[in-house]
Amino acid sequence: MTDSRPRQRLRHQIALVTGGSSGIGAGVAKAMAAEGAVVYVNYSSGAEEAAAVVQEIEAAGGRAVAVQADVSKEEDVQRMFRHICEEQGTLHILVSNSGIQQDAGFLDMTLEQWQKVIDVNLTGQFLCAREAAREFVRRGPQPDISAATGKIICMSSVHELIPWAGHVNYAASKGGVMQLMKSMAQELAPHRIRVNSIGPGAIATPINEDTRDTPAEEKKLLTLIPYGRIGESADIGKVAVWLASDEADYVTGTTLFVDGGMTLYPGFADNG
Ligand code: NAD
């Protein structure tokens with residue numbers, strides 16, 4: 001029998017999960033707390049949701065704190081990092097997860113819809129990663145706590161690779177996250193800061209509720225997933241823990257797709 005109990009792989013580490021109040025972020029926050037990290041659960045609006053995640057973590061014996069900030073606003077992001085560092089002394093892990101969709105056909109997409117998605121999904125990742133990297137460099141190595149001086153995990157998507165009609169703002173933001181992640185990884189590696197992305201496929205969360213409304217819609221979605229099931233936030237949580245842990249110490253600058261094979265071009269499985 002395998003032992004599935006958490007191994008405290010993130011003990012003595014401070015983690016920030018942006019958008020930790022919902023969906024994938026909540027899954028990552030719970031998984032990291034179960035591995036011993038003190039987790040800051042960021043939210044933009046919806047303090048009750050963040051409080052519920054914190055409560056769930058505490059009920060399971062973990063440690064978590066809710067922290068408000070709009071990741072697309074520089075002053076909010078800087079205030080959030082100051083607050084965490086004042087309370088905990090430093091930070092070891094950033095999971096830059098906040099993200100939104102504002103869908104429209106290309107001909108009808110407004111500048112506002114374009115800009116809002118780029119602001120949260122791409123600029124938000126830049127602002128949070130920059131503050132995290134500044135803190136990692138300021139603090140320097142703590143080899144007793146973590147092999148790497150700091151870890152940044154960007155929540156990307158299969159759409160950093162797969163084009164998505166009707167969602168050009170979202171696909172462009174995730175394509176941007178890919179190059180942001182890789183360029184940061186290249187620049188920060190000499191500081192022993194690891195930067196990676198997770199590329200989720202279809203994970204059941206509020207962001208895509210409307211694509212799973214009916215059995216017919218769910219069946220259509222499943223044709224895109226060779227592994228034959230829609231993912232859960234816990235699937236991403238487990239991978240995020242591993243990427244942040246010393247087990248992944250030689251992994252930097254890569255996107256780990258967690259997608260049940262969605263990026264395998266399933267349309268070509270039957271001779272194309
Ligand atoms: P979700 O809607 O459940 O969660 C999004 C989170 O982002 C929420 O906590 C929300 O409060 C937060 N957020 C939104 N705007 C913000 C802002 N300005 N500042 C701070 N936080 C803000 O959706 P989810 O599916 O859990 O999405 C999480 C991430 O995963 C996103 O980056 C999304 O693009 C990515 N993703 C999701 C899927 C999927 O199938 N669910 C697939 C690929 C990628």
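In listed order, ligands and their atoms are each counted from 1.
Each of the atoms 3 (O), 26 (O) of ligand 1 lies under 4.0 Å from some heavy atom of G23. Interface of Y170 with ligand 1, defined as ligand atoms under 4.0 Å from a residue heavy atom, comprises 33 (C), 34 (O), 35 (C), 36 (N), 43 (C), 44 (C). Contact atoms of ligand 1 toward N42: 20 (C), 21 (N) (distance under 4.0 Å to a heavy atom of the residue). If you number the atoms of ligand 1 from 1 as listed, the ones under 4.0 Å from a heavy atom of N208 come out as 39 (C), 40 (O), 41 (N). Under a 4.0 Å criterion applied to the non-hydrogen atoms of G99, ligand 1 contributes the atoms 5 (C), 7 (O), 31 (C), 32 (O). Under a 4.0 Å criterion applied to the non-hydrogen atoms of S44, ligand 1 contributes the atoms 16 (C), 17 (C), 18 (N), 19 (N), 20 (C), 21 (N), 22 (C). Atoms of ligand 1 lying under 4.0 Å from any heavy atom of I100, numbered from 1 in the order shown and given with element: 14 (C), 15 (N).
Here the protein heavy atom with the shortest distance to atom 21 (N) of ligand 1 is S98 OG, 2.8 Å. Residue, atom and distance of the protein heavy atom nearest to atom 12 (C) of ligand 1 are G19 CA, 3.7 Å. Of all protein heavy atoms, the one closest to atom 40 (O) of ligand 1 is I203 N, 2.8 Å. Looking only at protein heavy atoms, the nearest one to atom 4 (O) of ligand 1 is S22 OG, 3.7 Å. Protein heavy atom closest to atom 27 (O) of ligand 1, with residue, atom name and distance, is I207 CD1, 4.1 Å. Looking at atom 37 (C) of ligand 1, its nearest protein heavy atom turns out to be I24 CD1, 3.5 Å.
The side chain to side chain contact (heavy atoms under 4.5 Å, CB included) test with M80 is passed by exactly one of D70, L127, N42: N42. Between E131 and the choices L94, V77, I84, L16, the side chain to side chain contact (heavy atoms under 4.5 Å, CB included) rule is met once, by V77. When each of D249, I153, L188, I152 is checked for a side chain to side chain contact (heavy atoms under 4.5 Å, CB included) with R194, only D249 meets the rule.
At a heavy-atom cutoff of 4.0 Å, ligand 1 is contacted by the backbone of S156 but not by its side chain. Under 4.0 angstrom from ligand 1, the non-hydrogen atoms of D70 come from both its backbone and its side chain. Under 4.0 angstrom from ligand 1, the non-hydrogen atoms of A202 all belong to its backbone. Contacts between T205 and ligand 1 below 4.0 angstrom, taking non-hydrogen atoms only, involve the side chain exclusively. Within the 4.0 Å heavy-atom criterion, the part of K174 lying near ligand 1 is the side chain and not the backbone.
At least one side-chain heavy atom of P200 sits under 4.5 Å from a side-chain heavy atom of I24.
The closest approach between a heavy atom of A69 and any atom of ligand 1 is below 4.0 Å. Close to ligand 1: G201, with a non-hydrogen atom less than 4.0 angstrom away. Heavy-atom distances between T18 and ligand 1 stay at or above 4.0 Å for every pair.
W164 and H167 have parallel rings, their planes meeting at less than 30° on a 0 to 90° scale where 60° marks the start of perpendicular.
With no hydrogens or angles considered, no side-chain donor-acceptor pair links Q142 and H12 at under 3.5 Å. For the residue pair E160/S197, the side-chain donor-acceptor check at 3.5 Å is not satisfied.
At most 12 heavy atoms of other shown residues, nucleotides or ligands fall within 6.0 angstrom of atom CZ in R11. Crowding of R139 atom CZ: a count of heavy atoms from other residues, nucleotides or ligands under 6.0 Å exceeding 12. Other residues, nucleotides and ligands contribute at most 12 non-hydrogen atoms within 6.0 Å of the CZ atom of R63.
Checked by distance only, ligand 1 and P200 stay at 3.5 Å or farther apart across all their nitrogen or oxygen atoms. Taking only nitrogen or oxygen atoms, main chain and side chain alike, V120 does not reach within less than 3.5 Å of ligand 1. Considering backbone and side-chain N/O of N97, one or more are found under 3.5 Å from N/O of ligand 1. The shortest N or O to N or O distance between S21 and ligand 1 is below 3.5 Å. On a distance-only criterion, V71 and ligand 1 share at least one N/O pair closer than 3.5 Å.
For L122 against G176, the heavy-atom pair with the smallest separation is CD1-C, 3.6 Å. Contact between G99 and I207 at its shortest, heavy atoms only, is O-CD1, 4.0 Å.
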Starting from the C-alpha separation in whole Å, work towards a yes-or-no answer on side-chain contact (heavy atoms from CB on, under 4.5 Å) for E35 and K238. CA-CA 10 Å; E35 293 279 348; K238 289 174 204 164; over 6 Å; no

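Evaluation of the salt bridge (Lys or Arg N to Asp or Glu O under 4.0 Å) test over residues 255-267, restricted to residues two or more places apart or in two chains, returns none.
Listed for the T18 side chain is a donor-acceptor partner under 3.5 Å among the backbone atoms of N97.
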